[in-house]
Amino acid sequence: MLKGWREVSPGAVIEAPGSTAAVETGTWRSKRPIVDYSRCVHCMICWIFCPDDCFRTEDGKLVSVDFFHCKGCGICAVECPKKCIAMEEDALA
């Protein structure tokens, strides 16, 4: 039996925040960010703007990208003031 409108969860409501951490969504992308760490000044702007929290840090420095969750939106590359992030075709695409 189908649920009635009173039993269905409302749309556009996140009932369990942080639930995307349990779901690997990186296979959706067609491009991925490649970071030139030799040019990175660790300003963390990529980390701030990333909608999927894909940038991993240690001691206030960028150390890696979590490709299991990166969807390849490219916001990090656009916002990077040093332009040390390039979007490259993903081998999975």
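It should be emphasised that the depicted structure is a prediction, and the values quoted were computed from it without experimental measurement.
- Checked for salt-bridge contact, D90 and R29 meet the test: a charged N lies under 4.0 Å from a carboxylate O.
- Heavy-atom neighbours of E7 CD from other residues, nucleotides or ligands within 6.0 Å: above the threshold of 12.
- Heavy-atom neighbours of Y37 OH from other residues, nucleotides or ligands within 6.0 Å: above the threshold of 12.
- Contact check for I75 versus P51: side-chain heavy atoms found under the 4.5 Å cut-off.
- Going from atom SG of C73 over to atom NZ of K31 covers 12.5 Å, rounded to the nearest 0.5 Å.
- Residues meeting the side-chain contact (heavy atoms from CB on, under 4.5 Å) test with W47, sequence neighbours left out: M44, D53, F55, T57.
- A distance-only check finds no donor-acceptor pair linking the side chain of D52 to the backbone of C54 [under 3.5 Å].
- Atom CZ of R32 is separated from atom CE of M87 by 10.0 Å, given to the nearest 0.5 angstrom.
- You'll find the side chain of L62 reaches within 4.5 Å of the side chain of V35, heavy atoms only.
- Counting heavy atoms from C-beta outward, R39 and K83 have side chains that approach closer than 4.5 Å.
- At least one side-chain heavy atom of P33 sits under 4.5 Å from a side-chain heavy atom of C76.
- Hydrophobic clustering (side-chain heavy atoms under 4.5 Å, transitive across Ile, Leu, Val, Met, Phe, Trp, Tyr) groups F67 together with F49.
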Evaluation steps, side chain to side chain contact (heavy atoms under 4.5 Å, CB included), between V65 and R56: CA-CA 6 Å; V65 180; R56 299 292 160 244; over 6 Å; no

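- Separating the NZ atom in K82 from the SG atom in C43 is a distance of 9.0 Å, to the nearest 0.5 Å.
- Residues meeting the side-chain contact (heavy atoms from CB on, under 4.5 Å) test with V78, sequence neighbours left out: none.
- C50 SG to I45 CD1: the interatomic distance, rounded to the nearest 0.5 Å, is 13.5 Å.
- Separating the CD1 atom in I48 from the SG atom in C46 is a distance of 8.5 Å, to the nearest 0.5 Å.
- Here the closest heavy-atom approach between residue I85 and residue A77 is recorded as O-CB, 3.4 Å.
- Summarising the geometry, atom NE2 belonging to H42 is positioned 8.5 Å from atom SG belonging to C84; distances are rounded to the nearest 0.5 Å.
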